[in-house]
Amino acid sequence: MAGRAAMLINVGTVIMTVLTLASLVGGFGVNWGNIASHPLNPNIVVQMLKDNKINKVKLFDADSWTMNALAGTGMEVMVGIPNNLLESLADDYDNAKDWVKENVTQYMRKGGVDIKYVAVGNEPFLSAYNGSFLKTTFPALKNIHRALKEAGHTDKMKATIPQNAEVYQSANDKPSEGDFRKDVKQTMLDIVNFFHDNDLPFTVNIYPFLSLYLNEHFPVEFAFLDGNGQTMTDKGKNYDNVFDANYDTLVYALKKAGIHDMKIIVGEVGWPTDGHKYATPKLAEKFYAGLMKRLAKDGGTPTRPERLEVYLFGFLDEDMKSILPGPFERHWGIFRYDGTPKFMLDFTGQGRQMVPVAAKGVQYLEKQWCVVNNDTVNLDEVGPDLDYACYHGDCTAMEAGSTCSKLTKVQNISYAFNMYFQIQDQDVRACDFKGAAMITKVNASVGSCLFPVQIVSGSDDFRINFVFGRFVVFGLVLLGLLTVI
């Protein structure tokens with residue numbers, strides 16, 4: 001797989017700089033998610049963090065293997081409580097005490113984990129959830145905070161709730177008109193007042209990419225932080241990017257609630273690299289370059305000029321994430337599924353042309369691919385097999401404008417067959433499709449469209465879990481693929 005990075009990163013005549021002694025930007029960490037069919041071994045991921053001089057990480061659970069891998073590293077950690085636990089934590093304080101004992105207290109030892117935050121839920125008030133967690137999130141937060149306090153941990157860590165920026169809005173798109181969404185306003189007011197009374201931070205996830213994805217008329221340059229966006233003026237303050245405008249909309253929403261000095265953490269911010277015409281490595285590189293330069297200058301926003309605290313999203317691709325928000329959801333990683341970097345990124349914020357340090361010690365399955373058997377395939381009858389392969393695999397890179405969107409009809413089918421074959425650990429039975437497929441030792445990749453070879457997974461546990469959104473019917477998504485020339 002030595003040519004993989006070269007396929008994805010066109011370095012041209014750029015002189016490479018090794019990321020070693022550089023002084024990293026302060027105030028940033030990364031999100032480490034594990035919604036993957038074959039997650040990397042946590043020890044490999046921790047070494048990647050060390051090699052790239054990243055010392056802050058945000059998790060979406062408190063998986064013991066991950067936590068033990070982080071033990072003794074000195075990295076600041078935000079552990080997460082999944083939304084499906086909120087009800088039990090809200091209903092019974094003893095459940096909250098047990099969770100804290102098992103997932104926090106046991107790591108509070110010499111050589112343990114430096115837990116700085118406990119994230120209660122993840123974007124629980126998304127409108128797509130139809131209020132499912134509206135009644136349980138705040139009680140769960142209070143119980144977790146109480147349990148942390150009784151265990152003597154609140155001098156070391158804070159509870160918080162990562163919210164999507166959707167929880168606030170502006171009637172005229174000006175930050176100064178920011179206020180909490182009507183259907184969640186009273187609950188949000190209760191939460192932020194609790195935050196204020198207990199010195200807890202507000203955590204928000206901001207995604208400039210989604211502004212482009214959701215609005216075809218959105219000015220492209222306004223999504224980036226390199227100063228090229230058309231300036232918008234509000235209350236004497238100038239905004240040339242949507243990140244600042246979004247962040248300050250929250251600041252004004254808090255002010256309307258009578259809160260003027262609450263700490264704000266950006267829990268997720270990033271740019272995907274596939275699954276949409278604007279989701280490309282080139283644009284991801286552009287976005288991160290602007291963001292890291294901003295962080296390097298300890299700069300904030302027009303309304304809050306002090307230093308930002310952010311967590312980049314995400315560290316690694318996750319091929320089992322729900323694609324209900326869009327096919328790009330599986331491609332947020334700075335690194336591919338195997339720990340290969342996708343684009344230039346200088347974590348020091350100095351704008352140098354640097355490739356992040358790749359994962360070391362990754363083991364791959366055999367170098368073989370599943371492709372169409374031209375001697376036996378009936379192209380008029382292969383449609384259901386294509387749908388099946390994508391239904392149980394990942395065909396998001398074939399979306400319009402994506403890296404594999406210009407394949408021929410046969411290549412499309414081969415790509416789908418191979419994705420299913422690799423996810424099934426190259427089981428020979430997964431490369432049959434009624435005789436339409438065959439295994440080959442010849443790399444089937446086409447140009448920049450990578451036909452991957454799967455890694456030896458870091459954990460078999462994830463392979464048997466059904467992840468929400470995995471079983472999304474791909475038939476509608478794939479309409480027209482068979483007619484691609």
Next on the checklist: Tell me the closest heavy-atom pair linking Ala36 and Asp319, and the distance in Å.
Outcome noted: CA-OD1, 3.2 Å
Checklist entry - Taking Asn215 for the side chain and Ser211 for the main chain, is one N or O donor matched with an acceptor at less than 3.5 Å? => result no
Next on the checklist: Are Lys50 and Met75 packed together at the side-chain level, in the sense that at least one heavy-atom pair is separated by less than 4.5 angstrom?
Outcome noted: yes
Next on the checklist: Donor-acceptor pair, distance only, cut-off 3.5 Å: does the side chain of Asn95 make one with the backbone of Ser88?
Outcome noted: yes
Checklist entry - Do Arg181 side-chain atoms and Phe125 backbone N/O form a donor-acceptor pair below 3.5 Å? => result yes
Checklist entry - What do the steps show when you test Phe28 against Leu291 for side-chain contact (heavy atoms from CB on, under 4.5 Å), and what is the final call? => result CA-CA 10 Å; Phe28 93 94; Leu291 176 62; over 6 Å; no
Checklist entry - In Å, rounded to the nearest 0.5 Å, how long is the span from CD of Gln163 to OH of Tyr168? => result 10.0 Å
Next on the checklist: Is the positively charged end of Lys142 above the ring of Phe138, judged by distance under 6.0 angstrom from the centroid and angle within 45° of the axis?
Outcome noted: yes
Item to check | For Asn198, the option from Lys158, His145, Arg146, Lys149 that meets side chain to side chain donor-acceptor pair (under 3.5 Å) | outcome: His145
Checklist entry - Can you tell me if Asn130 and Ser132 form a side-chain donor-acceptor pair at under 3.5 Å? => result no
Item to check | Non-hydrogen side-chain atoms of Leu40 and Met48 separated by less than 4.5 Å | outcome: yes
Next on the checklist: Checking Lys97 against Asp94 for the salt bridge (Lys or Arg N to Asp or Glu O under 4.0 Å) test, could you report, in this order, the C-alpha distance in whole Å, the side-chain angles of both residues, the deciding distance, and whether it holds?
Outcome noted: CA-CA 5 Å; Lys97 286 199 301 183; Asp94 285 340; 3.6 Å; yes
Checklist outcome for this item: Exactly one candidate in Trp271, Phe243, Tyr288 meets ring pair (Phe, Tyr, Trp, His ring centres under 6.0 Å) with Phe224; the answer is Trp271
Checklist entry - Counting only heavy atoms not in Lys263, do more than 12 fall under 6.0 Å of its NZ? => result yes
Checklist entry - Short question: side chain of Asn31, backbone of Gly267 - any donor-acceptor pair under 3.5 Å? => result yes
Next on the checklist: Using only atom types and a distance under 3.5 Å, with no angle test, would you say the side chain of Glu285 pairs donor to acceptor with the backbone of Met344?
Outcome noted: yes
Checklist outcome for this item: In this structure, CG of Leu254 is separated from CE of Met262 (nearest 0.5 Å) by 6.0 Å
Checklist entry - Yes or no on side-chain contact (heavy atoms from CB on, under 4.5 Å) for Asn143 and Leu89, after CA distance, side-chain angles and deciding distance? => result CA-CA 7 Å; Asn143 281 343; Leu89 297 175; 5.6 Å; no
Next on the checklist: side-chain contact (heavy atoms from CB on, under 4.5 Å), that's the test. Do Leu312 and Ile54 meet it? Break it down for me.
Outcome noted: CA-CA 11 Å; Leu312 310 182; Ile54 297 170; over 6 Å; no
Item to check | Closest non-hydrogen atom pair between Lys342 and Thr273, with its separation | outcome: NZ-OG1, 2.7 Å
Next on the checklist: Could you check whether any side-chain N or O of Asp274 sits under 3.5 Å from a backbone N or O of Thr403, counting only pairs where one atom can act as donor and the other as acceptor?
Outcome noted: yes
Next on the checklist: Can you classify the ring geometry of Phe133 versus Tyr129 as parallel (below 30°), tilted (30 to 60°) or perpendicular (above 60°)?
Outcome noted: perpendicular
Checklist entry - Once you round to the nearest 0.5 Å, how far does CG of Leu85 lie from CH2 of Trp99? => result 8.5 Å
Checklist entry - Can you tell if the side chain of Tyr311 reaches within under 4.5 Å of the side chain of Ile265, non-hydrogen atoms only? => result yes
Next on the checklist: Applying the ring pair (Phe, Tyr, Trp, His ring centres under 6.0 Å) criterion to Tyr420, which one of Tyr391, Tyr388, Tyr415 satisfies it?
Outcome noted: Tyr388
Next on the checklist: Closer than 3.5 angstrom, by distance alone: can the side chain of Ser402 be matched with the main-chain N or O of Met398 as a donor-acceptor pair?
Outcome noted: no
Next on the checklist: Check whether Asn83 reaches the backbone of Asn122 with its side chain - one donor and one acceptor, N or O, closer than 3.5 Å.
Outcome noted: yes
Item to check | Least distance between heavy atoms, Lys235 atom then Ser176 atom | outcome: CG-CB, 3.6 Å
Checklist entry - Rounded to the nearest 0.5 Å, how far apart are CG of Leu295 and CD of Glu309? => result 10.5 Å
Checklist entry - Does the Asp425 side chain pair with the main chain of Asp427, one donor and one acceptor, at a distance under 3.5 Å? => result no
Next on the checklist: Name the residue from Lys185, Lys256, Lys255 that meets the salt bridge (charged side-chain N to carboxylate O under 4.0 Å, His left out) definition with Asp179.
Outcome noted: Lys185
Next on the checklist: Counting only heavy atoms from other residues, nucleotides and ligands, does the tally under 6.0 Å from CD of Gln230 exceed 12?
Outcome noted: no
Checklist entry - Going by atom types alone, do Thr203 and Thr160 pair a side-chain donor with an acceptor below 3.5 Å? => result yes
Item to check | For Val118, the option from Ile81, Val77, Val100 that meets side-chain contact (heavy atoms from CB on, under 4.5 Å) | outcome: Ile81
Item to check | Sub-4.5 Å side-chain heavy-atom contact between Trp32 and Asn34 | outcome: yes
Checklist outcome for this item: Correct closest heavy-atom pair for Gly326 and Tyr213 would be CA-OH, 3.6 Å
Item to check | Beyond-backbone contact of Pro302 with Asp244, side-chain heavy atoms, under 4.5 angstrom | outcome: yes
Item to check | Test item: side-chain donor near acceptor, Asp248 and Thr301, under 3.5 Å | outcome: yes
Item to check | Working for side-chain contact (heavy atoms from CB on, under 4.5 Å), residues Thr66 and Leu70 | outcome: CA-CA 6 Å; Thr66 301; Leu70 289 166; 4.2 Å; yes
Item to check | Pair Thr303, Tyr239: side-chain N/O donor-acceptor within cut-off below 3.5 Å | outcome: yes
Next on the checklist: Are the side chains of Lys116 and Lys58 in contact, using a 4.5 Å heavy-atom criterion?
Outcome noted: no
Next on the checklist: Is there a side chain to side chain donor-acceptor pair (under 3.5 Å) between Asp190 and Gln186? Walk through the geometry before answering.
Outcome noted: CA-CA 6 Å; Asp190 292 340; Gln186 187 54 57; 3.1 Å; yes
Checklist entry - Does a side chain donor of either Gln422 or Tyr337 reach within less than 3.5 Å of an acceptor in the other side chain? => result no
Checklist entry - What are the two closest heavy atoms between Ala140 and Leu86, and how far apart are they? => result CB-O, 3.7 Å
Checklist entry - Do Phe328 and Phe209 make the cut of ring centroids closer than 6.0 angstrom? => result yes
Checklist entry - Any side-chain heavy-atom pair from Phe180 and Thr187 closer than 4.5 angstrom? => result no
Next on the checklist: Return the OG to CG distance between Ser457 and Leu365, rounded to the nearest 0.5 Å.
Outcome noted: 9.5 Å
Checklist entry - Between CD of Gln454 and OG of Ser37, what distance do you get to the nearest 0.5 Å? => result 4.5 Å
Checklist entry - Counting only heavy atoms not in Glu166, do more than 12 fall under 6.0 Å of its CD? => result yes
Checklist entry - Donor-acceptor pair, Glu268 side chain versus Asn205 backbone, under 3.5 Å? => result no
Next on the checklist: When you compare the side chain of Met157 with that of Val104, does any pair of heavy atoms fall below 4.5 Å?
Outcome noted: yes
Next on the checklist: Which heavy atom of Arg336 sits nearest to which heavy atom of Asp317, and what is that distance?
Outcome noted: CA-OD2, 3.9 Å
